[in-house]
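Reviewing the structure listed below.
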Amino acid sequence: MDKKADITLEKIVSLCKRRGFVFPSSEIYGGLAAIYDYGPYGVELANNIKQAWWKQMVQLNDNIIGLDSAIFMHPKIWEASGHVAGFSDPLVECKKCHSRLRLDHLLEGCGITADEKMSEEEIGKIFEKNKGKIKCPGCGVSDFTDVKKFNLLVQSNLGNFTSDWQKEPVYLRGETCQGIYVNYKSVLGSARVKIPFGIAQIGKAFRNEITARQFIFRTREFEQMEMQYFVSPEEEMKEYEKLKEARWQFHLSLGIKEKNLSWHKHENLVFYAKAAYDIEYNFPFGFAELEGVHARGDYDLTQHAKFSGQDLSYIDPQTNKKYTPHIIESSVGVGRTFLAVLADAYEEEKIGEEIRTVLKINRHLAPVKIAVFPLLKNKSELVKKAKEIYGKLKKTYMCEFDDNGNIGKRYRRQDEIGTPYCLTVDFDTLEKGDVTVRDRDNMEQVRIKIEDLESYFQGKFSA
Ligand code: ATP
């Protein structure tokens, strides 16, 4: 049977809650729609994903450097970028149950091509033609208001102590890349870079998403990992193809199965874009966007030059040619990568009469690398030895000490959080100086001498 068929989103949500990966935000107050908190194992997994991305982007590329720009930025930035006027999704409301829905998603659900970037008029025409086919997913009735474009920018009253702060709000950033564009000149003037070069950033973004279902796939507060690559006009498409390939390989390096990834080409390009593809992942609810890889021409720097009055052009040191750099970008969400990694790793195996739930997650991403158990909790010599080993290993690896319940229960718990190795100290350890190491994936057990543990795990985690 296709594994995807029986791995439902509900199972993943339940595992996340049960094992402390993801919690609904403000749960004791009834929650806050489309906002989630990352629990003890969730924060480890998210950090490991971010580290893997940073390593691939910044550490391994001499001409990509890091940045951490502030969440709050000058309001003019969002005018220049087009977000104030055009960062909007098409909204309709069901007249019966008052659910607010994204029209492009409703149309796509009926097999009708639509795009959130279409104008109100364009998508409104398609809606008129197909109204009869669309039903409200909440109540099943087909009676909607007219379509309206709804702006996704989230406003704040930062620095404005008057009562009419909404007139000139400071926004919570809707994407991290604007912080990169407006720092382009400072980076160029301070770091020893020349085109082509990239700026990478990981940070929070905020969007007033109309429909925020599907767990952490679409949230109103989320984290993006974005890399903007500044290139000459002539090199844009060549570099774009290279970036597309590198991004595909990145997802494979996280252990995601290639059959669960696909490219989606944008047919409705915004006027300035040269090309736009998304990498989609086969989530439990079907293929959907994981990452955007776009060739954006010189639009971003041209706009910021115009609105700020600053010269953002570049002079090629070899040819002396002056031009506005073109930008190709890679933009991927931490939450969506997290969900893809979990969905890809989640397996249910029949072992005798029991079902083993196991996260066969890439070893480097696993929240806990090694769990250390004394065989029995009430034998102090076993506990002492296990604690000694745990104390040494945790200096190098994220480890967990567990003496609760029986060994079977401890294995099940570690399997569910994807711990690659469980190490047990038993009575033989005291006599012979070796321990049992059990492999998560095939459940095979080997005896390893205590003095060899360091090199054993080094071998396992170096690749
Ligand atoms: P969608 O079409 O799903 O709304 P988008 O095209 O608006 O996404 P981008 O603006 O290209 O998304 O953002 C880049 C990446 O940021 C996305 O590929 C996704 O991984 C992540 N992302 C965007 N919006 C959200 C969100 N509301 N919640 C979680 N991640 C998001």
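Whatever order the structure lists ligands and atoms in, that order sets their numbers, starting from 1. For the single chain, residues carry numbers from 1 onward in sequence order.
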By ring pair (Phe, Tyr, Trp, His ring centres under 6.0 Å) - contacts of Y38 (at least two apart): F338
Ring pair (Phe, Tyr, Trp, His ring centres under 6.0 Å) partners for F217, two or more places apart: F283, F285
Any donor-acceptor N/O pair, N63 side chain to P196 backbone, under 3.5 Å: yes
Electrostatic pair E128:K125 at N-O distance under 4.0 angstrom: no
Non-neighbouring partners of K55 that pass salt bridge (Lys or Arg N to Asp or Glu O under 4.0 Å), sequence neighbours left out: none
Atom-level proximity to ligand 1, residues with heavy atom under 4.0 Å: R102, E116, R207, E209, F217, R218, T219, F222, Q224, E289, L290, E291, G292, S331, V332, G333, R336
Distance-only side-chain donor-acceptor flag, N260 / D344, under 3.5 Å: yes
